[in-house]
2 protein chains.
Amino acid sequence: MAKAARTRISVWLENSGTAGTGTGSGTGAGSGTGTSTGAGAARATRTRRGEQPSGLDRDRITEATAKLLDAEGLAKFSMRRLAGELGVTAMSLYWYVDTKDDLLELALDRVFGEFPDRAAAGGPGPDVGPSWQTELRELAAEYRALLVRHPWVSPLLGNFLNVGPHALRFAAAVQRVMARTGLSPAAQRGAIPSVFQFVYGFGTVEGHFRQRCAEVGMEQDEYFRKAMAEFTMPPEMAETFQHTERVMEEMDSGETVEQIRDRDFRTALDLQIAGIEALVAREPDRG
Amino acid sequence: MAKAARTRISVWLENSGTAGTGTGSGTGAGSGTGTSTGAGAARATRTRRGEQPSGLDRDRITEATAKLLDAEGLAKFSMRRLAGELGVTAMSLYWYVDTKDDLLELALDRVFGEFPDRAAAGGPGPDVGPSWQTELRELAAEYRALLVRHPWVSPLLGNFLNVGPHALRFAAAVQRVMARTGLSPAAQRGAIPSVFQFVYGFGTVEGHFRQRCAEVGMEQDEYFRKAMAEFTMPPEMAETFQHTERVMEEMDSGETVEQIRDRDFRTALDLQIAGIEALVAREPDRG
DNA sequence: ACCTGAACACCGTTCAAGT
DNA sequence: ACCTGAACACCGTTCAAGT
């Protein structure tokens, strides 16, 4: 009852449910072709001759999507709006993409392609190059920067599986650093979310705050002060919130919101790295 | 240009922008009354006599909102749908609430009220009762449980400031444990997101996954296996993803997805606590 | 004081039709 | 093979009107 079961939750997974029969003309994009990074061009390249009238293809659409999301945010994004940007009707898009969600997933993976392409494992020996500590810091900083640069990424990460080729490349890089810490595989599996879910949350609120400031056209410090002023703290709690008070003091002594945030981020990474080191020391020796 | 500036981003902040003039009849809810936990009842109590025809009030609406969000998720929630549930037209709701977003914020804070009410600071001396370690674990576990119980909370937390009375009570509890660790105030400000943004991210993906399973009517293990089967790993990456492989192995040896997740969560908290302890040991003695 | 109906300006998506 | 127009079933919100 109620529409055929559809378990697929990602463009990157094989189509399932109603297997085989298919439901229409425009489906089946990228089944099995997705191993190379240029997966998005699948349908377009299949007909490489005679250029589409409007010059549309999956890649151009995905690119325009990311650009529009950067410019106006997730809330204002719509298929009609995007189509307008591309000089085409909304329905043309559905030739290249099954649903709006699929398109968002494509855009999501696209920006993960902005990560510098780290050397794969098995390159130089395990004891040359940067320590796992500094490489972990780098990865965290890059992830944070991505989330701040593209505030729309964060809500999408919450909704989709994110197993596109670029996201996988990043996940692999994460797993490789963790493997170098000396933690047991089981402990690595706890350490990964410990570090990168933290970064996710941190980058999310940071990006969101910056976006908000941009929308109202205020500086971050200005906006922070204003929000504090408007907010009437319940008096019985006032004493508990030492941190907020302290931030205000630090701002008064000339430090910016951004500087304070950077310092907090660094502290948190110090904490995480120290935590990993402690767990390693605690574990029975292994190889 | 383009609509009067409106900086307010939370029901809990004083109305601002267009200050004084106001734009209509039904605005101005809760200006300054919000210090007590029962702030939502403000308008209703003001007219305590003669019971509204439909029995509507802000509290009942907020309650119904949370219930509907639990039942059908954020995506399917709408003012019209909620109104239907309350046996009323959508527009009636706008008498009690300015916008849909305000209502969502009210519901958000409401579920933060589910946290057990922790004793305020200044109760028993600092060295009786549970250690900061076990209290931190408890807070983390409760937060995780909240996010899993109400998967719609997570996306809302990303969008709103969340400075309602109940959320503040929780934040205060967090600050109090951190104050007991021995960290400097500056380090505390890094440690808080380190721990609780991790929990946020962890609880988010867990809650989301469970919701997905419920929607398609599958067990978690079943769904996990299915997703893995549908996913064709890029061959050059297969060797990197040891963890995923290992999870599959552990599932084959009888462990459930849930058990593995619990173990990972515990490991991450071990890591975080060890990290805090290391930072404390590293800092110059204080107090 | 509280509630409604009609209307506005949007959505994502389907479907039959055009070229 | 690619694109469109019209239509369906929705949104949040406003506004004038009812009781």
Side-chain angles (χ1 to χ4, degrees), chain A residues 2-4 6 22-29 41-61 65 68 72-84 86-105 159, chain B residues 2-4 6 18 22-29 41-61 65 68 72-105 159:
Chain A
K3 287 198 170 188
R6 163 175 158 141
T23 58
S25 47
T27 56
R43 175 173 278 126
T45 44
R46 214 179 298 148
T47 29
R48 168 166 329 246
R49 96 171 16 251
E51 296 290 302
Q52 276 90 331
S54 58
L56 230 53
D57 70 60
R58 236 197 191 197
D59 237 41
R60 248 174 61 76
I61 292 176
T65 300
L68 192 55
E72 314 205 335
L74 187 56
K76 284 188 189 156
F77 178 83
S78 81
M79 296 299 269
R80 288 169 151 102
R81 180 82 185 69
L82 173 66
L86 289 163
V88 101
T89 68
M91 303 74 204
S92 325
L93 301 173
Y94 285 97
W95 181 258
Y96 300 93
V97 128
D98 275 5
T99 68
K100 184 193 181 190
D101 278 1
D102 283 4
L103 182 51
L104 290 175
E105 257 190 296
N159 267 318
Chain B
K3 287 198 171 189
R6 163 175 158 141
T18 68
T23 58
S25 48
T27 56
R43 175 173 278 127
T45 44
R46 214 179 299 151
T47 30
R48 168 167 328 247
R49 99 171 11 253
E51 297 290 304
Q52 278 90 332
S54 58
L56 230 53
D57 70 59
R58 235 198 191 197
D59 237 41
R60 249 175 60 75
I61 292 176
T65 301
L68 192 55
E72 315 205 335
L74 186 56
K76 282 187 191 158
F77 178 83
S78 81
M79 296 299 268
R80 287 168 151 103
R81 180 82 184 69
L82 173 66
E85 212 70 25
L86 290 163
V88 101
T89 69
M91 302 74 206
S92 327
L93 301 174
Y94 285 96
W95 181 259
Y96 301 93
V97 129
D98 274 5
T99 67
K100 183 194 181 190
D101 277 1
D102 283 3
L103 182 51
L104 290 175
E105 257 189 298
N159 267 318

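Letters A, B, ... mirror the listed sequences (proteins, then strands); counts begin at 1.
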Query raised in the report: With rounding to whole Å, what would you report as the distance between C/dA9 and D/dA9 at their P atoms?
Result: 22 Å
Query - Nearest-angstrom distance from the residue atom CD1 of B/I61 to P of C/dC2 - result: 11 Å
Query raised in the report: Could you give the distance from CE (A/M79) to OG1 (A/T65), rounded to the nearest 0.5 Å?
Result: 7.5 Å
Requested in this report: State the NZ-CG distance between A/K100 and A/L82, to the nearest 0.5 angstrom.
Outcome: 10.5 Å
Query raised in the report: Just how far, in rounded Å, is P of C/dC2 from CZ of B/R58?
Result: 13 Å
Requested in this report: Starting from C1' on D/dT13, measure out to CG on B/L103 and report it in whole angstrom.
Outcome: 14 Å
Query - Partner residues of B/N159 under the side-chain contact (heavy atoms from CB on, under 4.5 Å) criterion, sequence neighbours left out - result: A/H208
**Report entry** Whole-Å distance separating the CG atom of A/L93 from the P atom of C/dT13
**Finding:** 11 Å
Query raised in the report: Given atom CH2 of B/W95 and atom P of C/dC2, what is their separation to the nearest angstrom?
Result: 6 Å
Query raised in the report: Of the non-hydrogen atoms in A/K76 and A/R81, which two are nearest, and what is the gap between them?
Result: O-CG, 4.3 Å
**Report entry** Residues that B/R80 engages under side-chain hydrogen bond (donor to acceptor under 3.5 Å, both in side chains), provided they are two or more places apart
**Finding:** none
Between N or O atoms, less than 3.5 Å apart, protein on one side and nucleotides 10-12 of chain D on the other: list the pairs.
unit_1 : atom_1 : unit_2 : atom_2 : d
D/dC11 : OP1    : B/S78  : OG     : 3.2
D/dG12 : OP1    : B/M79  : N      : 3.4
D/dG12 : OP1    : B/K100 : NZ     : 3.2
D/dG12 : OP2    : B/M79  : N      : 3.2
D/dG12 : N7     : B/R80  : NH1    : 2.4
D/dG12 : O6     : B/R80  : NH2    : 3.2

Report task. Provide, to the nearest angstrom, the distance between the CG atom belonging to B/D101 and the C1' atom belonging to D/dT13. Result -> 12 Å
Requested in this report: Specify the separation, in whole Å, of atom OH of A/Y96 and atom P of C/dT13.
Outcome: 18 Å
Query raised in the report: Rounded to the nearest 0.5 Å, how far does OG1 of B/T99 lie from CG of B/L93?
Result: 12.0 Å
Report summary line: Checking C/dC3, D/dC3, D/dG5 against the side chain of A/S92 (C-beta onward), the nearest is D/dC3
Report task. Not counting sequence neighbours, which residues clear side-chain hydrogen bond (donor to acceptor under 3.5 Å, both in side chains) with A/T89? List them please. Result -> A/S92
Query - Test side chain to side chain contact (heavy atoms under 4.5 Å, CB included) applied to A/L56 and A/W95, step by step - result: CA-CA 10 Å; A/L56 230 53; A/W95 181 258; over 6 Å; no
Please tabulate, one pair per line, each protein N/O and nucleotide N/O from nucleotides 17-19 of chain C that are separated by under 3.5 Å, including the distance.
none

**Report entry** Contact under 4.0 Å: B/T89 side-chain N or O vs C/dT4 OP1/OP2
**Finding:** yes
Query - DNA chain D stem ranges, 3 or more consecutive Watson-Crick or G-U pairs under 3.5 angstrom - result: C:4-8 with D:12-16, C:12-16 with D:4-8
**Report entry** Main-chain N/O of A/G55 paired with A/R60 side-chain donor or acceptor, under 3.5 Å
**Finding:** yes
Requested in this report: Let me know the distance between CE of B/M91 and C1' of D/dC15, rounded to the nearest Å.
Outcome: 11 Å
Report task. Considering non-hydrogen atoms only, spot the tightest contact between B/D57 and B/Y96 and give its length. Result -> CA-CE2, 3.9 Å
